[in-house]
Asks: 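One structure follows; several queries about it will come next.
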Amino acid sequence: MGTSASSRGPGSGPDIPIVPPWVDNPPPAQPVPQPPTPIPAPAQPPTSPSPQTPPSPNPQVAPQPDGQPQPQPQPQDPSDLSAPGRWRGVRTSLGKFGGGGEDRGRHLRRGLGHYSRSGMGGSGNAARRMSGSAKAASTLHTALTALANGEPLPQELGIDPQALAGLSPADFADALVDAIRPLDGTQDAEATRDSVARALSEMLDQNGDITSLTPQQVDQVTASTLGYDVALRIELDVGKAIIAKAPTKGEGLERLQEMKDYVREVVAAEYASERASVGTVGQAAVERISRNAIQQAFEVFEEDGEL
């Protein structure tokens, strides 16, 4: 995308949330249905109907006409707020990695550990921050699986099958990108679109027809999408620190690519581990697998960084 050099990354401070408010929360676990509680009949019927509606127990909360409870504002989770200087350790370690030397591998791992622990507030917050990536990857998985099985594409994509007829493989892939992650003006959307496009382009080099992928190839594209997106998110946030401390810009770009390749390898390994424990999957299961893989990858960064 070419945005790493110009992106200054997110700020820090008590007024800047780690997870922006526009990022969707992961889907909640479905509650176990409970039988309805019987309502006891009154011991004595009222002697006469009341002409007025009984007052609400809370005079400041108006009763809901449809019987639904009044929504209450949720307090801000302190773990969502970023601490001042949260990127200091990340940029210091990645700057040393960009500078080269025999210890650069250790500095890379330590920098990624700081990114997860301090910059993102832990692997759980990092997975929440990347929830859009998990959702896009699961939608892509579902679409590619449907195409391979000769089934209709998910209605949520809004793709007219007749509009796809006659498209070249590259144009077909572009149509999938547009449907899976439409532009919405956010940097996240641009990053995810780029990641899906790169993953599909890689697969087109192996299989010129993305409508007939094997289940293993569908998982390969899904894992690749996640890996590209996590690596690009880190690049956009702190990649400038690597290039700034490198002896030359060319060497800085090489170090940046080395970092992204390492991140992608970790994410792919964690996706494979999560996927191996599940058999046939649907879209919700793939989203859960993808979200877990992202979180596990950030836990690896913290462990390898000895944090």
Side-chain angles (χ1 to χ4, degrees), residues 24-34 123-159 161 164 169 172-173 175-177 179-181 192 195-231 233 262-303:
D24 292 336
N25 288 322
Q30 295 298 320
V32 178
Q34 298 293 331
S123 60
N125 265 358
R128 286 178 55 209
R129 179 67 182 85
M130 299 289 299
S131 61
S133 304
K135 184 175 182 179
S138 66
T139 304
L140 176 62
H141 188 285
T142 301
L144 294 177
T145 300
L147 290 168
N149 294 336
E151 300 170 351
L153 288 169
Q155 291 185 353
E156 66 187 79
L157 292 181
I159 294 180
L164 301 177
F172 192 100
L176 281 180
V177 172
I180 289 169
R181 194 62 165 99
T192 300
S195 300
V196 174
R198 288 175 184 268
L200 288 173
S201 178
E202 281 185 345
M203 183 50 63
L204 281 173
D205 290 339
Q206 303 175 34
N207 185 336
D209 183 8
I210 58 174
T211 67
S212 61
L213 302 182
T214 66
Q216 292 74 24
Q217 288 175 322
V218 172
D219 278 319
Q220 179 183 336
V221 175
T222 306
S224 185
T225 296
L226 292 172
Y228 273 122
D229 220 3
V230 174
R233 180 74 265 161
Y262 172 72
V263 169
R264 291 180 57 212
E265 289 175 4
V266 173
V267 173
E270 294 306 320
Y271 178 88
S273 177
E274 291 288 328
R275 181 68 180 87
S277 63
V278 184
T280 304
V281 293
Q283 184 168 342
V286 176
E287 183 173 351
R288 182 178 65 253
I289 290 169
S290 300
R291 192 169 59 249
N292 289 345
I294 293 173
Q295 182 164 347
Q296 292 296 329
F298 279 99
E299 289 181 6
V300 169
F301 296 152
E302 293 181 18
E303 292 172 2

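Computed from a predicted structure; not experimentally measured.
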Asks: Hey, does the side chain of N149 reach the backbone of T145 with a donor-acceptor pair shorter than 3.5 angstrom?
Replies: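 Indeed, once roles are kept as given, a pair shorter than 3.5 Å links the two residues.
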Asks: Please tell me if the side chains of V196 and R181 come closer than 4.5 Å, counting only heavy atoms from C-beta onward.
Replies: no
Asks: Between the side chain of T222 and the main-chain N/O of V218, is any donor-acceptor distance below 3.5 Å?
Replies: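 Side chain of T222 to backbone of V218, a donor-acceptor pair under 3.5 Å: yes, one is there.
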Asks: Say you draw a straight line from OG of S123 to CE of M130; how long is it, rounded to the nearest 0.5 Å?
Replies: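 Going from OG on S123 over to CE on M130, the span is 13.5 Å.
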Asks: Verify the neighbour count for atom CD of Q155: are there more than 12 heavy atoms of other residues, nucleotides or ligands below 6.0 Å?
Replies: no
Asks: Could you tell me which non-hydrogen atom of A175 sits nearest to which non-hydrogen atom of L164, and how far apart they are?
Replies: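 Scanning both residues, the minimum pair turns out to be CB-CD2, 3.9 Å.
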Asks: Please report the interatomic distance OG1(T142) to CD(E151), rounded to the nearest 0.5 Å.
Replies: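 Answer rounded to 0.5 Å: 10.5 Å.
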Asks: To the nearest 0.5 Å, tell me how far T139 OG1 sits from L176 CG.
Replies: 11.0 Å
Asks: Given 3.5 Å as the limit, does a donor-acceptor pair link the side chain of S273 with the main chain of A269, or not?
Replies: no
Asks: Between K135 and E156, is there a salt bridge with N-O shorter than 4.0 Å?
Replies: no
Asks: Picking from I210, L213, L226, what satisfies side chain to side chain contact (heavy atoms under 4.5 Å, CB included) with V221?
Replies: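 The side chain to side chain contact (heavy atoms under 4.5 Å, CB included) with V221 is passed solely by L213 among I210, L213, L226.
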Asks: Which heavy atom of I294 sits nearest to which heavy atom of A126, and what is that distance?
Replies: CG2-O, 4.5 Å
Asks: Determine, step by step, whether E270 and V300 satisfy the side chain to side chain contact (heavy atoms under 4.5 Å, CB included) criterion, reporting the C-alpha distance in whole Å, the side-chain angles of both residues, the deciding distance to 0.1 Å, and the verdict.
Replies: CA-CA 9 Å; E270 294 306 320; V300 169; 3.5 Å; yes
Asks: What distance separates D229 CG from R264 CZ, expressed to the nearest 0.5 Å?
Replies: 11.5 Å
Asks: Assess, by modelled atom type and distance only, whether the side chains of S224 and E202 contain a donor and an acceptor separated by less than 3.5 Å.
Replies: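 There is such a pair (donor and acceptor under 3.5 Å, judged by atom type) between the side chains of S224 and E202.
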Asks: Over all heavy atoms of both residues, which pair between T192 and A136 is shortest? Give the atoms and the distance, please.
Replies: CG2-CB, 3.6 Å
Asks: List the atom of S195, the atom of Y228, and the distance in Å for their closest heavy-atom pair.
Replies: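 Minimum heavy-atom separation between S195 and Y228: OG-C, 3.4 Å.
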Asks: Are side-chain heavy atoms of V281 and R288 found at a separation under 4.5 Å?
Replies: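 V281 vs R288: side chains apart.
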Asks: For a quick test of reading the model, state the closest non-hydrogen atom pair linking S138 to V286 and the distance between them.
Replies: CA-CG1, 3.6 Å
Asks: Do you know which two heavy atoms are closest between A134 and R291, and how far apart they sit?
Replies: CB-N, 3.8 Å
Asks: Roughly how far, to the nearest 0.5 Å, is CD of Q220 from CG of L144?
Replies: 11.5 Å
Asks: Pair F172, L200 - check side chain to side chain contact (heavy atoms under 4.5 Å, CB included), show working.
Replies: CA-CA 10 Å; F172 192 100; L200 288 173; over 6 Å; no
Asks: Rounded to the nearest 0.5 Å, what separates atom CD in Q295 from atom CG in N125?
Replies: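 With rounding to 0.5 Å, CD (Q295) is 9.5 Å from CG (N125).
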